[in-house]
Amino acid sequence: MSSASLQLPANRPDPRVRTKWWTESGAVALIVLVALWVASVLALPSPALPAVVTLLLVTVVVVGPHLSYRRWRYEVRERDLFVSKGFLFFKTTLIPFDRIQYVENHQGPVDRIFGLTQLAVYTAGGRAGRIPGLGIPEAERVREELSRVAGTISV
Amino acid sequence: MPEPSASSTSADHELRSLHPAAIGVWTADGLRPLSLLVLVSLTSGGPGLGLLLPGIVALSVVPAVVRYARFRYRLSAQTLHVEGGLFFRWRRDVPLVRVQSVGVVRKLRHRMLGVVELRIEAVGGSSTEASLPALSPGEAERVRTAVLQGRPVEPTTGPPPPLATMSPRDLLVYGATGGRVAVLAVILAQAQELVPAGALEGITEWFRGMGALVVAAFVIGALLVSILLSLAGTVLAFWGFTLSREDGRMVVRRGLLDERRSEVPLHRVQAVRIEENALRRALGFASLRVIVAGQRGSETELERASVLLPIGRRADVLELVTEVLGAEARDAVEGLRPAPARAAAPALAAAGILAVATVLIAFLVHPLAALALLLVPVAGAWAVASRRAKGSRVDRRHAALRAGVLVRTTTVAPVPNVQSVQLRIGPLQRALDLATVHLDLAKGHATVRGLGSAGAWSDFVGLGRLLPDEATPRAYFK
């Protein structure tokens, strides 16, 4: 059996989370690049190094959130929560309902701007799964559904 | 001998005091940190001593007396209530339903004073929820029995035959094969601080004068001393070790000067861990440890508390696994599926890169760098040993994972105790068709990297089907 034959979870996070990641990483990259260029104008002879770094950072910022978003999936199945994520470093997790101790919705300031909520699922072993961004109504729905089935055997 | 109190509740109506010997116990406790002060005063000269010693004694005894006067406890049908303190009063109520075990501690000072210390441990709190530092043996038995809610007192026919013991030879092997050279490093660091600056220079000059051979001899000597100290410590701590099963609990008794008794309730065992460090494995020995939910405390406390069998023959350790988790757990351990040969590839490649880099540097920079080539076969051997150590097995009742070169660790967890299962594939693993399996337990986890991906996926999917069926009993996490 190869990994291709296993189905990935069915649902994607809200597309706005991709925009949020672009914004966040873009802002950080901008600050880094400005500092870098200022420093290089003052200190370095040639613009080669900053140019290379700029190219790398821009690539990462443009491509990274897109790939991350494409690979992040979740599905509330009949008896467990199935989550997978990661492009280079693939990671997939199964959490049976009855192991779930509580579900937490979390909203940072940037999430609020985009109308998103992060969802985290906790078992006795700590945080076991995370969905990085759901629209608020969807997040409520998933959280309620998981809270309803947490500690039970099945839907 | 107190009667079994299955029918009476042994509830107290008023607050009780500890045994007066508590003063002695606490004084002895307090003297330990002050002993350094005593040492300094002794070495610094005569006249100060006469003033210092009574001061030190007063500093230790007076607080102990005050503490004894203020300490009270009461055992009701549902709680153990403890209180104390003069300026900073404290009160603590321990609900008896949360008590996981009651440990009996008889250190040398307790034995000399004819008393016993009880340590009450609860689920989900700090490792020792409450302690009664000095009780007469009869009272300790009464409290202990009542706290454990009417479970039958040990039968007068004596404790059941032990499941495992450690012979003096086992003790020696355990002490000699442990990894406590780190203790030496700490001792050396401390020693360096105590030596005045000028003396240190003088000593290093002296060493340089004597030559490398002497330094080497000194280092070897120091290592031997460290081993001997480690041995001595082990013998003291584990003398008379017995492990027995009483009433659904695994009970460990050990200790020469400090007699200790600790208990592990079987139904709180999350997983067992078989540990075989390289030296012990070569000799055919192994250790057994349990991971228990709800225990918290310092690293060393947990280390000591969770060891079921510090060292024993591999066959005996497997017998114990059967005793704790059942025969199927043992089958899982013996039937582990190994990692494929290609799992060694990344580490071998790293060794190869090291070799090439070393040759380049030796060529271009300094020939002495070629010495690093000696590391390459070591790295290669490590890569091969690492692959051989890996293994996994998931069957209907248990999940078993094994990994580790220096300390080969096999973790076996009953499926109901697995909280979630994870599969990870990094870029290099994807190229080699490998994967990592990771289990989360209520406390702790187990990971094996670089398993064959087909096997890893089948473990993941298999566990995914089993986990919802084999539900965790919710009761013991409340």
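Per chain, numbering begins at 1; letters A, B, ... match sequence-line order. Quick note: numbers below take in every heavy atom, side chains included, and nothing from hydrogens, waters or symmetry partners.
- Exactly one of Asp80(A), Leu94(A), Thr93(A) qualifies for a side-chain contact (heavy atoms from CB on, under 4.5 Å) with Val421(B). That residue is Leu94(A).
- Across Lys91(A) and Gln422(B), no two heavy atoms sit closer than the pair CD-OE1, 3.7 Å.
- When every heavy atom of Asp98(A) is checked against every heavy atom of Leu467(B), the shortest pair comes out as OD1-O, 4.4 Å.
- More than 12 heavy atoms of other shown residues, nucleotides or ligands fall within 6.0 angstrom of atom OH in Tyr122(A).
- Within the model, atoms CD of Gln429(B) and CZ of Phe89(A) stand 9.0 Å from one another, a figure rounded to the nearest 0.5 Å.
- Partners of Arg71(A) by side chain to side chain donor-acceptor pair (under 3.5 Å), not counting sequence neighbours: none found.
- The line from CD of Gln419(B) to CD of Gln101(A) is 7.0 Å long, rounded to the nearest 0.5 Å.
- Counting only residues at least two apart or on different chains, the salt bridge (charged side-chain N to carboxylate O under 4.0 Å, His left out) pairs with a member in residues 456-465 of chain B are Arg337(B)-Asp459(B).
- Note that OG1 of Thr436(B) and CZ of Phe90(A) are 12.0 Å apart. Values are rounded to the nearest 0.5 Å.
- Under a cut-off of 6.0 angstrom, the local environment of CZ in Arg449(B) is sparse, with at most 12 non-hydrogen atoms contributed by other residues, nucleotides or ligands.
- The backbone N or O of Ser420(B) lies less than 3.5 Å from no partner atom in the side chain of Arg99(A), so there is not a single donor-acceptor pair.
- Heavy-atom distances place both the backbone and the side chain of Leu423(B) under 4.5 Å from chain A.
- In this structure, the side chains of Trp457(B) and Thr92(A) come closer than 4.5 Å at one or more pairs of heavy atoms.
- Judged by distance alone, with hydrogens and angles left aside, the side-chain atoms of Arg430(B) form a donor-acceptor pair with the main-chain N or O of Leu88(A) at under 3.5 Å.
- At most 12 non-hydrogen atoms from other residues, nucleotides or ligands lie less than 6.0 angstrom from CZ of Arg388(B).
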